[in-house]
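Scroll down for the structure; my scribbles are underneath it.
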Amino acid sequence: MHRFSPLSLALLFSTPLSAQAVRYEISVSPGASEFHVSADFPAAGKDTLFVSLPAWSPGNYEIQNYARYVHGFGAKNSAGQALRWDRGDKDTWRVVTGRADRVTVDFDYAPDTLDLSVARVVDDFGQFLGTNLFLFEEGQLARPAEVRFRVPAGWQVTTALKGPTSGIYRAGDYHELADAMTFVGRYSLDSLQADGKWIRIAVWPAADYTPAVARNLRNGVAKLAPVQNRIMGEVPYDVYTVFFNVIHQPINFGGGLEHSSSQYDIMPALAFADPSGNLGDFMYPLLSHEFFHLWNVKRIRPAEMWPYDYHAEQYTPLLWWSEGVTDYYADLTNLRSGLWSADQFLQNTTSNIDQVEQTPEPWSVEDGSEATWIHEVYINSSQLYYPKGSLLGFLLDISIRDATDNAHNLDEVMRALYTRYYRQSKGFLTADLLKELRGAGMPDVDGFYRRYVDGRDSLPYETVLAKAGIVFNRQVVTLPFVGVSSGTTPSGELMVQSVTPGSSAATAGVEPGDVLKSIGDIAVRADGDWGTAFRTRYRGKAGQPLTITVQRAGRTITLNTTVHERTNARVTLERAPNPTPKQAKIWQGLASGL
């Protein structure tokens with residue numbers, strides 16, 4: 001637990017203005033549902049101070065307008081006298097300083113959204129990202145920062161900020177401050193060492209971090225971190241923190257957001273772990289994906305996003321590489337670390353192919369990268385560049401290994417981007433990426449780019465995967481589908497987590513949080529394969545009446561709909577039983593990193 005005294009407003013006159021820190025105090029009162037923020041800025045020589053909150057958070061490509069949660073805004077000088085202020089734009093305030101040496105801005109922050117980049121205060125717990133609460137002075141992003149916390153007795157503080165020293169946490173500049181994830185309150189905090197570096201695991205609610213969950217989480221982190229460190233050849237942190245929220249109310253998403261020395265993950269309780277402590281299927285891929293972001297996107301960053309502009313969208317065609325190829329390395333990490341078998345890796349690749357191939361019209365990963373800010377309705381390509389980008393990474397890696405007899409690989413390209421761009425304090429362009437791929441031995445780089453990255457041609461799965469001894473099979477099938485994803489409740493029932501638009505469930509009005517009881521005359525049980533029974537019973541009966549019975553808010557209701565079908569190209573992947581020596585060598589290189 002850390003408890004801190006109020007923020008000092010003393011001005012360090014001996015320090016040049018350019019080096020003076022902005023001083024923040026973050027407070028939470030017992031029983032409160034909001035944060036109180038105090039920010040003290042150097043202001044000598046200015047008539048007007050322009051201070052802003054970011055409109056979005058790097059990694060979460062969505063305009064959130066965090067200023068919308070602000071109320072009770074006020075400003076004063078070092079003598080405590082109120083200063084006049086008004087709004088400059090949607091996220092900027094203008095403060096008339098009266099030539100004060102320092103100006104203190106205070107406000108309350110009352111968030112109302114459960115999201116990966118929005119603050120939250122509930123009961124005895126609060127969490128926030130630096131972009132949510134930390135104002136910055138326009139044009140002064142290089143200023144260092146000092147942060148104190150004032151929290152109720154018995155609460156602890158865990159933050160990605162450096163420190164504390166004498167109750168003060170520090171950031172070298174605003175970018176570091178904005179990226180800092182923080183938990184305050186009562187939660188579980190654990191730690192382990194991997195490759196000689198400390199990794200902390202903070203989980204709220206604490207009750208969800210059972211001994212079995214702890215064992216499985218620690219095992220996963222301890223195995224994946226060294227694999228990725230070897231891939232990149234450098235560990236870019238001293239202490240890394242996994243921040244985890246386990247949500248017991250109905251939510252229709254789970255995921256994570258990467259930071260320079262931490263990750264913040266949200267998962268529905270049913271997808272986090274089962275009652276025995278076995279982690280959900282998405283847990284290791286999520287942890288591994290966000291961990292690899294330490295290098296790819298937090299450091300290896302598209303040039304269009306260097307530096308960050310916190311006020312507006314920053315469009316880049318390269319998010320397929322930053323997110324999708326990160327997904328490939330997450331999967332490769334799970335394979336190389338032993339967290340996944342070869343069959344699990346190939347099954348996941350099959351799932352990626354299915355997601356890409358089932359889209360109703362062709363699209364390119366570059367277009368999806370640019371469109372991520374607008375939440376497309378018909379085809380959400382901003383989500384689909386994850387599986388398609390992952391597949392592109394896989395195909396590129398195999399192609400390079402095949403062309404160079406396994407002497408070179410995609411790992412080298414990633415390390416080259418890290419060394420030649422991040423280490424040179426700059427971002428990379430598409431032309432830079434193609435140059436590095438060409439240098440690693442990728443044949444016909446420009447043709448591959450035109451057809452499969454900027455273009456909309458179907459990916460060359462069969463021909464490229466065969467080079468690694470992977471057999472590709474495709475079968476077209478038409479089957480009835482309900483259109484729900486679900487998880488098991490503690491009592492062993494199936495609760496709906498999301499509903500697919502246009503499906504039987506959507507037409508019926510099924511909602512997240514509903515407990516499934518029956519679909520037509522098929523009883524739904526967590527311990528039975530009701531899906532297979534449903535498809536067998538209703539195959540070929542599209543358009544016929546169908547009832548879905550659910551339990552909602554304690555009531556059992558029956559909803560009316562019709563049988564819907566969809567046609568899928570079912571893909572299977574398997575390793576060739578008798579690969580050639582070269583195929584075996586390429587697969588072994590992929591699977592081991594050697």
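Residue numbers start at 1 and run along the sequence shown.
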List the steps and the verdict of side chain to side chain contact (heavy atoms under 4.5 Å, CB included) for I251 and I266.
-> CA-CA 10 Å; I251 58 171; I266 293 176; 4.0 Å; yes

Start with the C-alpha gap between I201 and L192, add the side-chain angles, then the distance that decides, and say whether side chain to side chain contact (heavy atoms under 4.5 Å, CB included) holds.
-> CA-CA 8 Å; I201 302 174; L192 67 148; 3.9 Å; yes

Show the numbers, then the answer: is there a side chain to side chain contact (heavy atoms under 4.5 Å, CB included) between L332 and D397?
-> CA-CA 11 Å; L332 210 56; D397 203 355; 4.2 Å; yes

Checking side-chain hydrogen bond (donor to acceptor under 3.5 Å, both in side chains) for the pair T333/Q228: CA distance, chi angles, key distance, verdict?
-> CA-CA 7 Å; T333 296; Q228 295 191 2; 3.1 Å; yes

Would L410 and V325 count as a side chain to side chain contact (heavy atoms under 4.5 Å, CB included) if you check the C-alpha gap in whole Å, the side-chain angles of each, and the deciding distance to 0.1 Å?
-> CA-CA 10 Å; L410 200 65; V325 175; 4.3 Å; yes

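Judged by distance alone, with hydrogens and angles left aside, the side-chain atoms of S503 form a donor-acceptor pair with the main-chain N or O of A506 at under 3.5 Å. Judged by distance alone, the side chain of R450 and the main-chain N or O of G455 form no donor-acceptor pair under 3.5 Å. No donor-acceptor pair closer than 3.5 Å links the side chain of D343 to the backbone N or O of L346. No donor-acceptor distance shorter than 3.5 angstrom exists from the side chain of D454 to the backbone of E366, with no hydrogens or angles considered. Using modelled atom types, no side-chain atom of K388 and backbone atom of G368 make a donor-acceptor pair closer than 3.5 Å. Judged by distance alone, the side chain of R570 and the main-chain N or O of N473 form no donor-acceptor pair under 3.5 Å. Side-chain atoms of N132 come within 3.5 Å of backbone atoms of S117 as a donor-acceptor pair (strictly under, hydrogens ignored). In terms of modelled atom types and a separation under 3.5 Å, the side chain of E565 and the main chain of G540 share a donor-acceptor contact. T561 contributes a side-chain N or O that, together with a main-chain N or O of S504, makes up a donor-acceptor pair within less than 3.5 Å. No donor-acceptor pair closer than 3.5 Å links the side chain of T532 to the backbone N or O of D529.
Taken to the nearest 0.5 Å, the CG atom of L319 stands 13.5 Å off from the CH2 atom of W321. The distance from atom CG of L116 to atom CG of D265, rounded to the nearest 0.5 Å, is 7.5 Å. Between I199 atom CD1 and S262 atom OG the span is 12.0 Å, to the nearest 0.5 Å. Once rounded to the nearest 0.5 Å, the distance linking CH2 of W587 with CZ of R575 reads 5.5 Å. Put simply, NZ on K467 and CZ on R401 are 14.5 Å apart, with the number rounded to the nearest 0.5 Å. Separation of atoms CG (L279) and CG (L287) is listed at 8.0 Å; rounding is to 0.5 Å.
Of the candidates Y329, Y284, Y240, Y240 is the only one forming a ring pair (Phe, Tyr, Trp, His ring centres under 6.0 Å) with F291.
In this structure the side chain of V550 reaches within 4.5 angstrom of the side chain of L516, judged on heavy atoms. Side-chain atoms of F394 and L465, non-hydrogen and from C-beta on, do get closer than 4.5 Å to each other. Looking only at side-chain heavy atoms (C-beta outward), V221 and R218 stay at 4.5 Å or farther from each other. Residues F244 and F183 have side chains not in contact (no heavy-atom distance under 4.5 Å, counting atoms from C-beta outward). Residues Y452 and L391 have side chains not in contact (no heavy-atom distance under 4.5 Å, counting atoms from C-beta outward). Looking only at side-chain heavy atoms (C-beta outward), L294 and E258 stay at 4.5 Å or farther from each other. Counting only heavy atoms from C-beta outward, the side chains of D208 and V213 never approach each other to under 4.5 Å. You'll find the side chain of N348 stays beyond 4.5 Å of the side chain of P285, heavy atoms only.
For Y328 and F292, the distance between ring centers is not under 6.0 angstrom. Checked against the 6.0 Å centroid threshold, Y209 and Y187 do not count as a close aromatic pair.
Here the closest non-hydrogen pair linking A440 and V413 is CB-CG2, 3.7 Å. Looking at every heavy atom in both residues, L590 comes nearest to A468 through CD1-CB, 4.1 Å. S322 and H293 make their closest contact through O-CE1, 3.1 Å (heavy atoms, listed as atom of the first residue, atom of the second, distance). T158 approaches F243 most closely through the heavy-atom pair O-CE2, 3.5 Å. T349 approaches L573 most closely through the heavy-atom pair CG2-CD1, 3.6 Å. A505 and V484 make their closest contact through CB-CG1, 3.4 Å (heavy atoms, listed as atom of the first residue, atom of the second, distance).
With no hydrogens or angles considered, no side-chain donor-acceptor pair links E290 and H259 at under 3.5 Å. Inspection of the Y385 and T372 side chains reveals an N or O donor paired with an N or O acceptor under 3.5 Å. A donor-acceptor contact closer than 3.5 angstrom is absent between the side chains of S57 and N60.
In this structure, K223 has no salt bridge (Lys or Arg N to Asp or Glu O under 4.0 Å) partners at least two apart in sequence or on a different chain.
In the displayed structure, Q358 atom CD is contacted under 6.0 Å by more than 12 heavy atoms of other residues, nucleotides or ligands. Within 6.0 Å of CG on D281 lie no more than 12 heavy atoms contributed by other residues, nucleotides or ligands.
In this structure, Y538 and F534 have tilted ring planes: the angle between them lies in the 30° to 60° band. Ring orientation note: the planes of W56 and Y61 are tilted relative to one another, at an angle of 30° to 60°. Between Y461 and F472, the angle of the ring planes stays under 30°, which puts this pair in the parallel group of the 30/60° scheme. Using a 30° and 60° split on the angle between ring planes, Y386 and H289 fall in the tilted class, from 30° to 60°.
A salt bridge links D405 with K585: the distance from a Lys NZ or Arg NE/NH1/NH2 to an Asp or Glu carboxylate oxygen falls below 4.0 Å. Between R120 and D115 there is no salt bridge, since no side-chain N of the basic residue sits under 4.0 Å from a carboxylate O of the acidic one. Between R456 and D367 there is a salt bridge, since at least one side-chain N of the basic residue sits less than 4.0 Å from a carboxylate O of the acidic one.
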